[in-house]
Amino acid sequence: MSGLQVFNSLKKEKEVFEPINEGLVGMYVCGPTVYSDVHLGNIRTFISFDIIYRYLKYLGYKVRYVRNITDVGHLVGDLDQGEDKIAERAKLENLEPMEVVQKYSNGFHQMMDTFNVLPPSIEPRATGHIIEQIEMVQKILDNKLAYVKNGSVYFDTIKFNKKYKSYGQLSGRVIDELFSETRELKNQSEKKHPADFAIWMKADDRHLMKWNSPWSVGFPGWHLECSAMSTKYLGEKFDIHGGGNDLKFPHHENEVAQNMGACGCTPANYWLHTNMLLMNGRKMSKSDGNTITPLQLFTGESEHITKGYSPMVIKFFMLQAHYRSTIDLSDEALSAAEKGYKKIMEANKFLQSIEHTEPSEISEVDAKITEGIKGVFTELDDDFNTPKTLARLFELVPIINSYKDGKAEFLQIKSETVAALQKCFQDVIFDIFGLQDEYASGGNTLYDSLDGVMNLVIELRQEARSKKDWATADKIRDTLAKEKIVIKDGKEGTSWNLN
RNA sequence: GGUCGGGUGGCCGAGCGGUUAGGCAGAGGUCUGCAAAACCUUGUACGGCGGUUCGAAUCCGCUCCCGACCUCCA
């Protein structure tokens with residue numbers, strides 16, 4: 001169906017992508033825990049998977065994209081003794097846990113919208129799937145790969161590994177090394193082995209969120225929800241499982257164990273992991289304060305940046321790095337991205353306005369364009385290599401802009417080549433990358449009327465210029481510049497855009 | 001301490017055995033009333049030390065530095 005290759009964390013190499021059912025793709029991505037505002041790192045991950053989702057659809061696959069919302073079971077602090085993150089926040093803000101969940105889910109959705117990230121096909125919540133999770137615990141117990149202790153249920157990692165010999169495959173861990181002598185294990189008396197983990201936890205009286213189960217009034221373990229919900233909506237075996245690099249261990253490793261423990265088969269064929277967003281060379285993280293909020297980035301109110309950057313500029317900046325590489329956020333890098341973003345958007349705007357007439361002769365530029373277009377999709381097929389895709393696009397930009405100059409070699413292109421180029425840019429920029437033109441119309445009535453006004457202003461200025469009345473011409477230009485409207489005198493007349 | 005990943009030009013960031021990555025910034029030029037934009041040309045590079053090879057940023061060894069995971073994290 002395509003030449004798509006993806007890097008599979010499970011094998012640590014690129015593989016040709018072949019879905020289980022021809023033409024259909026099932027993809028599960030670990031979503032956010034909604035206990036506070038989303039931060040930029042989350043956004044980078046979801047933008048990466050959005051592009052993967054969009055490209056799979058572009059290739060013609062029918063994709064069922066499931067991305068969960070974690071609203072229970074995720075504990076604060078170490079081991080399994082901490083407070084539930086949602087519940088802790090609820091106490092802090094004096095809200096019902098579900099109010100916390102709603103509040104930050106709304107914020108999350110709004111931010112995804114701001115970055116033009118498509119909603120998934122299904123967005124299940126952990127609390128909406130308590131029954132499924134309880135059933136899964138029961139299955140694992142039936143398979144004798146978990147044990148009950150004081151109302152809590154623990155996954156028996158040692159026994160599991162004896163049976164399947166696969167624990168640690170995804171994250172590259174070895175149980176013995178993992179928990180040998182390193183960690184002093186306090187309060188771990190309930191577990192038979194430190195590598196075991198809770199799949200159901202008995203709640204004490206202080207707990208705000210708890211449900212009835214055969215074992216106790218309690219709540220599910222964090223890793224369980226993804227196993228239960230992916231199985232429910234994508235089946236016991238599906239195509240792609242994604243998430244941030246930092247979830248590989250223990251979350252994804254335990255997820256695989258739970259799925260195997262319940263049904264005997266590995267859940268996903270391809271595991272894709274996105275790398276971290278850095279700032280000052282260190283992982284951006286909510287928990288250690290090395291972070292900048294999206295809002296601060298938009299407004300510029302942060303010590304880390306000199307001015308604000310729009311969502312699309314930030315997105316473009318992220319696209320300039322591969323999803324498996326870290327990317328280091330800085331003011332300089334963002335401002336470079338801003339210029340690059342504008343350049344490509346401007347070129348595209350012009351490209352789309354071209355009304356080409358079939359030439360009598362064809363120059364070599366024609367073949368160059370055709371080859372360039374092919375290159376764009378070769379890069380996308382290569383594990384969604386957005387920086388290289390962008391590079392290929394940028395190589396076509398001078399050709400597009402040269403068309404303005406009217407030089408014969410640039411006009412001697414087949415109409416179908418122009419159409420293909422227009423489609424390529426349009427499709428990649430908007431449909432696959434999900435960028436938006438923040439500086440242009442698109443059904444924006446305010447913009448449209450401004451465009452009308454600007455055409456008048458440009459006309460008046462042109463009259464002044466033809467009378468060599470430079471003072472008036474420059475006054476118009478300079479005054480507009482103060483309003484962040486840039487006037488550009490080209491051969492084909494004058495154009496304008498918002499800066 | 002264990003495991004894994006990385007160090008590329010002024011900045012960001014691809015590439016990973018031989019070919020220009022790309023963007024931004026810099027230099028020169030064309031165009032322009034001037035400017036901006038656009039177009040053309042262009043410099044600066046692969047942490048260090050060895051090795052393999054006709055040829056290494058790319059493979060191997062050693063070394064220095066950084067990061068991630070091992071505990072909640074996208």
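Chain letters run A, B, ... following the sequence lines, proteins first, then strands; residues in each count from 1. Scope of the values below: all heavy atoms of this structure, side chains included, with no hydrogens, waters or symmetry mates.
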Sub-4.5 Å side-chain heavy-atom contact between A:Val66 and A:Val29: no
Ring centers of A:Tyr270, A:His241 separated by less than 6.0 Å: no
Pairing string, 5' to 3', for RNA chain B - Watson-Crick or wobble contacts under 3.5 Å, brackets [ ] where pairs cross, | to another strand: (((((((..(((.....[...))).(((((.......)))))....(((((..]....))))))))))))....
Mutual orientation of the aromatic rings belonging to A:Tyr403 and A:His356 [parallel < 30°, tilted 30-60°, perpendicular > 60°]: tilted
Side chain to side chain donor-acceptor pair (under 3.5 Å) partners for A:Asn42, two or more places apart: A:His39
Close N/O contacts between protein and nucleotides 63-68 of chain B (under 3.5 Å):
none

Ring pair (Phe, Tyr, Trp, His ring centres under 6.0 Å) partners of residues 370-396 of chain A, not counting sequence neighbours, each pair once: A:Tyr58-A:Phe377
Presence of salt bridge, A:Glu93 and A:Arg89, under 4.0 angstrom: yes
Between P of B:rU71 and NE2 of A:His223, the distance in whole Å: 10 Å
Sugar-phosphate, base or nothing in reach of A:His322, heavy atoms under 4.0 Å: sugar-phosphate
C1' atoms of B:rA45 and B:rC34, separation to the nearest Å: 38 Å
Distance between C1' atoms of B:rG22 and B:rC62 (Å, rounded): 35 Å
For residues 480-489 of chain A, run the donor-acceptor check on the side chains, cut-off 3.5 Å, and write out each pair with its distance to 0.1 Å, sequence neighbours left out.
from, atom 1, to, atom 2, distance (Å)
A:Lys488, NZ, A:Glu346, OE1, 3.4
A:Lys488, NZ, A:Asn497, OD1, 2.9
A:Asp489, OD1, A:Arg461, NH1, 3.2
A:Asp489, OD1, A:Arg465, NH1, 3.4
A:Asp489, OD1, A:Thr494, OG1, 2.9
A:Asp489, OD2, A:Arg461, NH2, 3.1

Spacing of A:Gln169 atom CD relative to B:rC69 atom C1', expressed in whole Å: 18 Å
Which residues share a side chain to side chain contact (heavy atoms under 4.5 Å, CB included) with A:Arg324, sequence neighbours left out: A:Phe7, A:Lys14, A:His322, A:Asp383
Salt bridge flag under 4.0 Å for residues A:Glu15 and A:Lys11: yes
Any N/O pairs under 3.5 Å between the protein and nucleotides 56-58 of chain B? List them or say none.
none

Sugar-phosphate, base or nothing in reach of A:Ile43, heavy atoms under 4.0 Å: nothing
Pairwise P distance, B:rA68 and B:rC60 [rounded to whole Å]: 25 Å
Touch class at under 4.0 angstrom, heavy-atom based, for A:Ser325 against every strand present: sugar-phosphate
Between B:rG23 (C1') and A:Glu346 (CD): distance, integer Å: 16 Å
Residues from residues 478-485 of chain A lying under 4.0 Å of RNA chain B - heavy atoms: none
Flag, side chain of A:Tyr323 to backbone of A:Met318, donor-acceptor distance under 3.5 Å: no
A:Glu379 CD - B:rG15 P separation (whole Å): 9 Å
Ring pair (Phe, Tyr, Trp, His ring centres under 6.0 Å) evaluation trace for A:Phe155 with A:Phe160: CA-CA 8 Å; A:Phe155 191 87; A:Phe160 169 79; 5.3 Å; yes
5' priority, RNA chain B, between A:Ile327 and A:Gly340 [closest heavy atom]: A:Ile327
Distance, P atom - from B:rG18 to B:rA56, rounded to whole angstrom: 11 Å
Atom C1', compared across B:rA21 and B:rC12: separation rounded to whole Å: 14 Å
Distance under 6.0 Å and angle within 45° of ring axis: A:Arg67 vs A:Tyr28: no
A:Ile175 CD1 - B:rC70 C1' separation (whole Å): 14 Å
B/S/- contact track for nucleotides 33-46 of chain B, protein heavy atom under 4.0 Å: BBBBSSSS------
Salt-bridge criterion met for A:Arg392 and A:Glu395 (N-O under 4.0 Å): yes
Phosphate OP1/OP2 of B:rA74: any A:Ser48 side-chain N/O under 4.0 Å: no
Under 3.5 Å: donor-acceptor pair, side chain of A:Ser152, backbone of A:Met201: no
Neighbour count above 12 (heavy atom, 6.0 Å) for A:Lys407 NZ: no
Short side-chain N/O contact to B:rG23 OP1/OP2 from A:Lys339, under 4.0 Å: no
A:Lys192/A:Asp156 salt bridge by N-O under 4.0 Å criterion: yes
Distance, C1' atom - from B:rG33 to B:rG43, rounded to whole angstrom: 33 Å
Length of the CZ-P vector between A:Phe317 and B:rC24, whole Å: 15 Å
For A:His304, all residues meeting ring pair (Phe, Tyr, Trp, His ring centres under 6.0 Å), sequence neighbours excluded: none
5'-most by nearest nucleotide on RNA chain B - A:Asn42 or A:Leu329: A:Leu329
Plane angle bin for A:Phe197 and A:His223 - parallel if under 30°, tilted between 30 and 60°, otherwise perpendicular: perpendicular
Span that lies between the P atom of B:rU41 and that of B:rG23, in whole angstrom: 12 Å
B:rG7 and B:rG55, which share atom name P, separated by this distance in whole Å: 25 Å
Distance, rounded to the nearest Å, where A:Glu332 contributes CD and B:rG26 contributes C1': 13 Å
Sugar-phosphate only, base, or nothing, as touched by A:Gly243 at under 4.0 Å among non-hydrogen atoms: sugar-phosphate
N-O pairing of A:Glu338 and A:Lys343 below 4.0 Å: no
Residue pair A:Phe115 / A:Phe46, side-chain heavy-atom distance below 4.5 Å: no
Nearest-angstrom distance from the residue atom CG of A:Leu170 to P of B:rC4: 15 Å
Residues which pass ring pair (Phe, Tyr, Trp, His ring centres under 6.0 Å) with A:His273, listed by chain and number, not counting sequence neighbours: A:His252
Using atom names, set out every protein N or O paired with an N or O of nucleotides 20-22 of chain B below 3.5 Å, distance rounded to 0.1 Å.
from, atom 1, to, atom 2, distance (Å)
B:rA21, O2', A:Arg392, NH2, 3.1
B:rA21, O2', A:Glu395, OE2, 3.4

